[in-house]
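Accompanying notes for the structure given below.
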Amino acid sequence: MANPRVSSDALAAFAVFADHLNMTRAAKELHISQPSLHSKLATLARELGRPLYLRSGNRLRLTADGERVARFARDHQERLELFLAELGGVPVTRPLVIASGHTAYLYLLGDVIRGMLSDRPGSLRPLHTNRQEMQTAVRTGQAHLGVFSLHVLPADLVTVPIAGYPQMLLMPAEHPLASRRSLRLRDLAGAELIVPPPARPHRINLERALTDAGVGWTIAVEAEGLPMTLDFASLGVGLAVVAGCVEPPPGLVARPITDLPRVTFHAIHRPGALDDPRVADLFTRIREAVPAPARRRAAR
């Protein structure tokens with residue numbers, strides 16, 4: 001069987017589509033009609049002999065082959081842009097993309113982002129994701145680097161621990177437990193806790209730890225993301241378990257829970273990603289921005 005002839009134009013279109021997973025937005029960014037975009041994607045799938053995306057309810061998602069093609073398409077486009085920039089002797093303008101969540105952006109990455117954008121405006125684009133979305137973004141080339149706390153390390157990505165923190169109980173300064181220097185899970189018996197929605201890793205791990213310790217507790221409220229958790233805690237709705245890097249808002253204090261495992265944040269990238277000097281520089285900046293004690297805790 002002859003090797004398929006793959007259109008570079010179709011690959012470029014698929015890379016944009018994979019970023020949005022929405023025909024309308026992708027076609028608008030490409031400045032083409034939706035039928036034209038659909039035709040390009042259909043041609044690419046036919047040339048490769050496999051489906052690249054599927055519809056799941058009202059949403060589109062990439063197949064496993066689609067993720068591989070998206071990764072190749074983004075790499076191909078980036079290498080082409082880098083080559084043309086070098087050939088023309090002009091600076092590379094395509095921004096690096098970093099994927100992370102609330103906690104890392106607020107307490108680990110702020111100085112790095114400010115520094116890079118101050119040195120070269122537009123050189124870095126933060127992508128807000130949850131843990132699974134971050135891994136998908138890195139895996140498919142949508143993001144150059146990810147930073148997140150991981151409990152299970154992906155086998156196909158490079159993960160480097162950069163910071164480790166104890167888990168803390170966040171509570172009003174006048175709460176009875178606030179007078180203690182440290183806590184154990186049994187001290188949370190009967191507590192009303194602010195927790196993430198079901199199926200979130202932090203929720204699952206916390207519920208398992210409390211159950212194993214024989215500690216009864218109740219849900220005060222389910223909160224999506226750290227800012228909402230801090231808002232509810234400030235309102236006195238309930239107590240929250242957060243990473244030790246989180247700075248308590250005014251009126252709240254945090255105490256370590258000694259029998260919960262530490263939270264370790266990792267920098268995540270694809271094999272070979274650091275061959276790009278820009279990505280290597282971003283990686284170095286992130287590691288150097290983390291306070292030395294947090295780096296030592298992460299290395300344990």
Side-chain angles (χ1 to χ4, degrees), residues 97-116 124-138 143 145-154 157 159-171 193-207 209 220-235 237-250 252-257 260-269 282-283 285-300:
V97 179
I98 183 169
S100 194
H102 285 124
T103 302
Y105 279 134
L106 289 172
Y107 302 107
L108 296 179
L109 300 174
D111 288 343
V112 173
I113 293 171
R114 280 189 292 270
M116 289 194 67
L124 184 66
R125 182 167 69 87
L127 182 66
H128 182 261
T129 64
N130 61 33
R131 186 177 287 101
Q132 188 58 48
E133 290 168 345
M134 176 278 297
Q135 293 185 54
T136 299
V138 173
L145 278 176
V147 175
F148 234 105
S149 60
L150 296 179
H151 307 286
V152 179
L153 304 183
L157 299 173
T159 57
V160 180
I162 58 170
Y165 300 96
Q167 295 193 62
M168 315 283 282
L169 184 67
L170 190 67
M171 65 195 122
L193 299 179
I194 303 166
V195 294
R200 299 293 193 274
H202 179 51
R203 169 78 173 267
I204 294 170
N205 292 328
L206 182 58
E207 286 184 338
V221 66
E222 292 178 344
E224 185 69 80
L226 180 65
M228 185 177 290
T229 297
L230 298 181
D231 286 345
F232 280 130
S234 295
L235 290 171
V237 172
L239 313 182
V241 177
V242 299
C245 58
V246 174
E247 298 176 6
L252 300 181
V253 297
R255 298 290 181 262
I257 305 172
L260 278 180
R262 291 181 178 274
V263 174
T264 300
F265 287 85
H266 293 77
I268 301 100
H269 60 82
L282 174 58
F283 177 79
R285 287 184 184 228
I286 290 171
R287 297 198 71 184
E288 292 178 347
V290 176
R295 289 201 301 271
R296 289 196 293 269
R297 285 194 289 266
R300 292 174 185 171

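Nothing fancy with the numbering, it's 1 onward along the sequence.
Remark: Leu169 CG to Leu239 CG distance equals 5.0 Å, nearest 0.5 Å. Put simply, CD on Glu133 and CG on Leu127 are 8.0 Å apart, with the number rounded to the nearest 0.5 Å. Atom CG in Leu124 sits 9.0 Å away from atom CZ in Arg285 (nearest 0.5 Å). A distance of 6.0 Å separates CE of Met171 from CZ of Arg255, quoted to the nearest 0.5 Å. Expressed to the nearest 0.5 Å, how far CD1 of Ile268 lies from CG of Leu145 amounts to 8.5 Å. Atom CG of Leu109 and atom CZ of Arg114 lie 10.5 Å apart (nearest 0.5 Å).
Side-chain atoms of Tyr107 do not come within 3.5 Å of backbone N or O of His102 as any donor-acceptor pair. A donor-acceptor pair is defined here as one N or O able to donate and one able to accept, closer than 3.5 Å; such a pair exists between the side chain of Ser100 and the backbone of Val147. A donor-acceptor pair is defined here as one N or O able to donate and one able to accept, closer than 3.5 Å; such a pair exists between the side chain of His202 and the backbone of Val241. For Arg131 (side chain) and Leu150 (main-chain N/O), no donor-acceptor pair under 3.5 Å exists by modelled atom type. For the pair Arg203 (side chain) and Pro196 (backbone), a donor-acceptor distance under 3.5 Å is present.
What you find for Gly146 and Val138 is that their closest heavy atoms are N-CG2, 3.7 Å. Thr229 and Ala240 make their closest contact through CG2-CB, 3.6 Å (heavy atoms, listed as atom of the first residue, atom of the second, distance). For the pair Ala143 and Ala99, the tightest heavy-atom approach, listed with the atom from each and the gap, is CB-CB, 3.9 Å. The two residues Gly101 and Phe148 have their closest heavy-atom pair at N-CE1, 3.5 Å. Between Ala209 and Leu260, the shortest heavy-atom contact is CB-CD2, 3.6 Å. Contact record, His151 with Pro201: CD2-CB, 3.9 Å, taken as the closest heavy-atom pair.
At least one side-chain heavy atom of Glu222 sits under 4.5 Å from a side-chain heavy atom of Val195. Using a 4.5 Å heavy-atom cutoff, the side chains of Leu282 and Met116 are in contact. Residues Pro248 and Val253 form no side-chain contact, since every pair of their non-hydrogen atoms from C-beta on lies 4.5 Å or further apart. Contact of the Ile98 side chain with the Tyr105 side chain is registered, since non-hydrogen atoms from C-beta on lie closer than 4.5 Å. Thr103 places a side-chain heavy atom less than 4.5 Å from the side chain of Phe265.
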TODO: Would you sort out whether Leu230 and Val246 count as a side-chain contact (heavy atoms from CB on, under 4.5 Å), showing the intermediate values?
DONE: CA-CA 10 Å; Leu230 298 181; Val246 174; 4.0 Å; yes

